[in-house]
K.L.:
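Below you'll find the structure I mean.
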Number of protein chains: 2
Amino acid sequence: MTVPGKNLESFTIGRLSRETGCKIPTIRYYEQIGLLPEPGRSAGNQRVYGPKHLSRLAFIRHSRKLGFSQAEIRQLLNLSDHPEQPCAEVNAIAQRHLDEVNRRIERLESLKGELERMVHACQGGKVGDCRVIDTLADLAHGQCLSPRH
Amino acid sequence: MTVPGKNLESFTIGRLSRETGCKIPTIRYYEQIGLLPEPGRSAGNQRVYGPKHLSRLAFIRHSRKLGFSQAEIRQLLNLSDHPEQPCAEVNAIAQRHLDEVNRRIERLESLKGELERMVHACQGGKVGDCRVIDTLADLAHGQCLSPRH
DNA sequence: CTACTATCTCTAGTAGCTATAGCTTCAAGA
DNA sequence: TCTTGAAGCTATAGCTACTAGAGATAGTAG
């Protein structure tokens, strides 16, 4: 039997923050946008969390660290709430994300190339002769990539 | 002699947009944040641009495509306005940016690794057994990288 | 009971734009 | 000259994913 009226595993937002490494305002923000369910409240109106909140927040944080967007995380959370369904969709989201990461890497590699050419071309004289400034000023040089990195 | 009262090379925001590939609201936005100087106005209050605006906007666009931030671009524009000064600072900005790009590539590569492991571990059953969901739910698995990509 | 810390709500700010509403101006054709 | 349609104007709000601050209240240790 557990102590009546008191949840064995319940804690404040501060402890949730410490355990997940997620800042307090961010936790409240996740609640606000509906990623985290609203927790119970103490008599004095303070949030009271349980283990389910902890694991859900952990899921969210890990997903964010892997670069999934809020929208993707919403889908993934939805799917993880329905363990009976086939996981093809989960995999599709992850695969799409992986593809996107690969595209970003490609873009950054080509960016890196252009930046290196630019930096190496500069001989360290006056700004007036600087190849970096020259290259940047060159509109026609614009077969470089889209602004998304 | 040029025609008095009429600039030989002056054009509207629409043409500036077409020539630089920069959208009209973006041009106005650059003006608002002080990256582009305020142009003259026609009798009917429409913006009138000249070649200097064109080259400055080209500079900005190219820099953005290379991933420089507004703050960096501001510095670069400042420097390019003073061609007598040594270009060490220009080079330093570019080099710092290149370093940052390299760091981003590293982070993305390691992200890619984790995503690939995750995707490959999934055998395509039910969500309940899905390794992708499992991996995401695992907080302790959190030696992965910072949320910045 | 008094400090002190933790938490509360609400608002506004960040970067780098993009979109919308409702208006005015300009250029070309009839 | 009139009309029509495209292009331009301002102002405001929205996007992502948070972060920071003000000012008030709650909880806790001594």
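All of these numbers come straight from a predicted model, not from anything done at the bench. Proteins get letters first, then strands, A, B, ... in listed order; numbering begins at 1 in each.
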K.L.:
Give the rounded distance in Å between these two atoms: CZ of A/F11 and C1' of C/dT7.
P.N.:
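Rounded to the whole Å, the gap is 16 Å.
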K.L.:
Report the distance from atom CG of B/N45 to atom C1' of C/dC26, rounded to the nearest whole Å.
P.N.:
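For the pair B/N45 CG and C/dC26 C1', the rounded distance is 13 Å.
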K.L.:
Where the side chain of B/R47 is concerned, which of D/dG27, D/dC9, D/dA17 is the nearest nucleotide?
P.N.:
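Nearest to the side-chain atoms of B/R47, counting from C-beta on, is D/dC9.
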K.L.:
Rounded at 0.5 Å granularity, tell me how far CZ in B/R18 sits from CZ in B/F11.
P.N.:
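Atom-to-atom, B/R18:CZ and B/F11:CZ are 11.0 Å apart.
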K.L.:
Identify, between B/A43 and A/R18, the residue whose nearest nucleotide on DNA chain C lies closer to the 5' end.
P.N.:
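Checking each residue's closest nucleotide, the 5'-ward one belongs to A/R18.
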K.L.:
Please tell me if A/S42 has a side-chain N or O lying less than 4.0 Å from either OP1 or OP2 of D/dG27.
P.N.:
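Answer is yes, contact under 4.0 Å.
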K.L.:
Starting from C1' on D/dC15, measure out to CD on A/Q70 and report it in whole angstrom.
P.N.:
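After rounding, the gap between these two atoms is 11 Å.
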K.L.:
Inspect the contact between B/R47 and B/E31 and indicate whether a charged nitrogen and a carboxylate oxygen are less than 4.0 angstrom apart.
P.N.:
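Salt bridge: yes.
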K.L.:
Kindly indicate whether the side chain of A/R28, heavy atoms from C-beta on, has any atom under 4.5 Å from the side chain of A/I13.
P.N.:
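They are in contact (side-chain heavy atoms under 4.5 Å apart), so the answer is yes.
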K.L.:
Is there any protein nitrogen or oxygen under 3.5 Å from a nitrogen or oxygen in nucleotides 21-24 of chain C, and what are the pairs?
P.N.:
none

K.L.:
For a quick test of reading the model: is some side-chain N or O of A/R41 closer than 4.0 Å to OP1 or OP2 of C/dT7?
P.N.:
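Looking at the OP1 and OP2 atoms of C/dT7, neither is under 4.0 Å from any side-chain N or O of A/R41.
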K.L.:
In residues 21-32 of chain B, which residues come under 4.0 Å of DNA chain C by heavy atom?
P.N.:
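Contacting residues: B/K23, B/T26, B/Y29, B/Y30.
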K.L.:
Would you kindly give the CG-to-C1' distance between A/L35 and D/dA17, to the nearest whole Å?
P.N.:
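Rounded to the whole Å, the gap is 10 Å.
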K.L.:
One thing to verify: whether B/R103 and B/E100 come together as a salt bridge, which I'm taking to mean a side-chain N less than 4.0 angstrom from a carboxylate O.
P.N.:
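Here B/E100 pairs with B/R103 in a salt bridge, since their nearest N and O are under 4.0 Å apart.
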K.L.:
Does the pair A/K126/A/D129 count as a salt bridge with the N-to-O cut at 4.0 Å?
P.N.:
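Here A/K126 does not pair with A/D129 in a salt bridge, since their nearest N and O are not under 4.0 Å apart.
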K.L.:
Rounded off to whole Å, could you give me the CD1-to-C1' distance for the B/I13 and C/dC26 pair?
P.N.:
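Rounding to the nearest Å, CD1 of B/I13 and C1' of C/dC26 are 15 Å apart.
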